[in-house]
Amino acid sequence: MLAKRIIPCLDVTGGRVVKGVKYFDHVDAGDPVEQAANYDRQGADELVFLDITASLDHRDIMLDIVRRVAEQVFIPFTVGGGVRTVEDIREILKAGADKTSIMTAAIQDPDLVNKGAERFGSQCIVVAIDAKRVPREGRDDSNLGYAPDEEIEWVVYTHGGHRPTTVDALAWAAEAEERGAGELLVTSMDADGTKAGYDIELLRRISERASIPVIASGGAGTVDHLYEALTLGKADAVLAASIFHFGETTVQTVKQELAARGITMRL
Amino acid sequence: MIALIDYGMGNLGSVEKALVKVGCEVRVTADAGVIREAAGVVLPGVGAFDDCMINLKAAGVIPAIEAAVAADKPFLGICLGLQVLFESSEEGKLPGLGLLPGKVVRFRHDLKVPQIGWNQIAVRQDCPQLRGIADGSWVYFVHSFYPEPADETLTATVTNYGYDFVSAVRRGNLFASQWHPEKSAAVGLHVLENFRHLVEAAQ
């Protein structure tokens, strides 16, 4: 049976792994190549690297990291952050990544998803969606965490969570799939970095409509949270950063606990 | 030397790096002469069936591939590089290479297609290519199609996704997997190492 995947995420800037809370304050969490090899040894099913600065000079540093990771890590890995053109995708894949994730550029130029999928195959195009809860139109309540689910919706944010759009996240997920995305990486901006759990309602609504895999992201603090995302949230994979980076637990321990609770895991 | 066939498609980089990791001397090539000289041949591939056939033809490597298989040279097909060895595919209109009898079909069930992620292999052949690979080993898949060999004895591994399907085939020194050994961690590297041993034995 196909296993659910556990995917450590490494946010990279200036050649180092960092971890932020709600996208802002960043703490140094180590050397990316070293971290990648560690996670591989622990049994990570895949890795995701997000270049969170993604300026031009950082791009070369990132490509160098990708090359070095590809030489010693033999599990699939995805690289994202600042991917704007088909040429950017080509460079990342050529350096040795298996997939690229596209976020801001996919919203600004949705044809990039089609072009990337046609040129390199859907399997290497991951569309990343940063979604934030907003009240359904006409509703005046900022206390969204407690609002009934039918009274909320989600909008897409771009630029690493800094810029709101008017795009509905559920509609965009469906469109991205239609345009040829191979997987959807869904991050809740409300939950990210809080370690209080994924936005299960967001995941469930996207997963139930999608026929491509959904990777849950944002909010993992405990094994319970991962379990909820894979069961109630119907996600195919879970992305997590903080719980692994600071040695609180290992990928292996998490996978064993999930397997004991009946989730299919590669052990 | 192992010829890794470059016909403009596929994840050549990761296959090359994994082969180098297990000690292979690799040449990435579209030169039929190099393929003929090689002690082993690897045909990778990611993408669509017809594009693959068109690109193989344009690269002029088909006669060299046919010669390698006819001579029972150690041969490794990966993913689409397995599918094109068969006679036809539901994905495309063009005929395949027809070096193995049977066709390639699409998953017929309600599960998510493509299958993306790690799944297990049941080992059905005691062969050098799978030496040391335990029944139930986990390997990485990304695919919507799989082979239906006309000759049951070709089946090397079987995997369950909704139902059982053939996930690798083998005939003599030819081995081809629907899964990606280059992305299957220690299990995958072990399979590539077995391939290296076959190549060395054939030299």
Side-chain angles (χ1 to χ4, degrees), chain A residues 1-7 37 39-47 66-78 90-99 117-124 126 177 181-184 207 210-215 234-237 255 264-267, chain B residues 8-22 45-49 51-52 79-80 107 109-122 136-144 159-164 167 179-193:
Chain A
M1 218 164 96
L2 184 64
K4 299 282 187 181
R5 289 171 279 157
I6 304 293
I7 309 177
Y39 286 134
D40 179 23
R41 276 193 293 275
Q42 289 178 19
D45 296 309
E46 261 181 77
L47 295 170
V66 173
R67 270 180 223 109
R68 288 191 291 137
V69 168
E71 273 161 23
Q72 48 178 302
V73 175
F74 298 95
I75 56 175
F77 72 100
T78 302
R90 197 189 67 86
E91 274 195 341
I92 289 168
L93 297 177
K94 198 173 157 226
D98 301 284
K99 314 176 190 183
E118 277 158 28
R119 172 95 187 263
F120 309 105
S122 286
Q123 82 290 334
C124 58
V126 179
E177 174 176 347
E183 292 177 89
L184 298 171
S207 295
S211 56
I212 53 176
V214 171
I215 304 164
K234 302 187 175 178
D236 301 278
K255 288 176 83 172
T264 307
M265 287 278 131
R266 173 181 74 109
L267 290 172
Chain B
M9 287 176 84
N11 54 342
L12 280 181
S14 21
V15 177
E16 183 189 8
K17 286 183 167 108
L19 287 167
V20 168
K21 173 79 178 176
V22 300
V46 171
F49 190 90
D51 290 345
C52 180
C79 195
L80 196 57
F107 280 117
H109 55 41
D110 296 335
L111 300 177
K112 288 185 177 180
V113 174
Q115 169 176 229
I116 299 183
W118 297 81
N119 205 331
Q120 289 172 292
I121 46 175
S137 292
W138 292 93
V139 294
Y140 189 79
F141 288 88
V142 184
H143 67 128
S144 304
T159 296
N160 187 280
Y161 187 56
Y163 48 78
D164 283 353
S167 53
W179 33 278
H180 288 269
E182 77 282 8
K183 287 290 150 189
S184 296
V187 170
L189 292 178
H190 193 128
V191 170
L192 296 178
E193 203 170 359

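In what follows, chains carry the letters A, B, and so on, assigned in the order in which the sequence lines appear, proteins first and then strands, with residues in each chain numbered from 1.
Nearest heavy-atom pair, A:Leu2 versus B:Gly117, reported as atom, atom and distance to 0.1 Å: CD1-C, 3.7 Å. Nearest heavy atoms, A:Gly182 versus B:Ile116: O-CD1, 3.7 Å.
Heavy atoms of A:Ser122 lying under 4.5 Å from chain B are absent altogether. If you measure heavy-atom distances from A:Ala95 to chain B, the contacts under 4.5 Å come from the backbone alone. No part of B:Val20 comes within reach of chain A, as not one of its non-hydrogen atoms sits under 4.5 angstrom from that chain. When heavy atoms are compared at a cutoff of 4.5 Å, A:Arg266 approaches chain B by way of both its backbone and its side chain. Residue A:Leu93 does not touch chain B at all, counting heavy-atom pairs closer than 4.5 Å.
Residues passing the ring pair (Phe, Tyr, Trp, His ring centres under 6.0 Å) test with A:Phe74: none are found, sequence neighbours excluded.
Counting heavy-atom pairs closer than 4.5 Å to chain B, the top residue among A:Met1, A:Arg5, A:Lys94 is A:Met1. Heavy-atom pairs under 4.5 Å with chain B peak, among A:Cys124, A:Ala70, A:Gly96, at A:Ala70.
Within the 4.5 Å cutoff, no side-chain heavy atoms of B:Trp118 are placed close to those of A:Met265.
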List, one per line, each side-chain donor-acceptor pair under 3.5 Å for residues 136-143 of chain B, sequence neighbours excluded.
residue: B:Ser137; atom: OG; partner: B:Ala134; partner atom: N; Å: 3.4
residue: B:Ser137; atom: OG; partner: B:Ala134; partner atom: O; Å: 2.6
residue: B:Tyr140; atom: OH; partner: A:Lys99; partner atom: NZ; Å: 3.0
residue: B:His143; atom: ND1; partner: B:Phe145; partner atom: O; Å: 2.8
residue: B:His143; atom: NE2; partner: B:Gln115; partner atom: NE2; Å: 2.9

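Annotation for B:Asp110: atom CG does not count as buried by contact number, only 12 or fewer foreign heavy atoms lying within 6.0 Å.
Remark: of the listed residues B:Glu182, B:His180, B:Lys183, B:Lys183 is the sole one forming a side chain to side chain contact (heavy atoms under 4.5 Å, CB included) with A:Pro76.
B:Lys17 places no side-chain N or O within 3.5 Å of a backbone atom of A:Glu71 that could act as its donor or acceptor partner.
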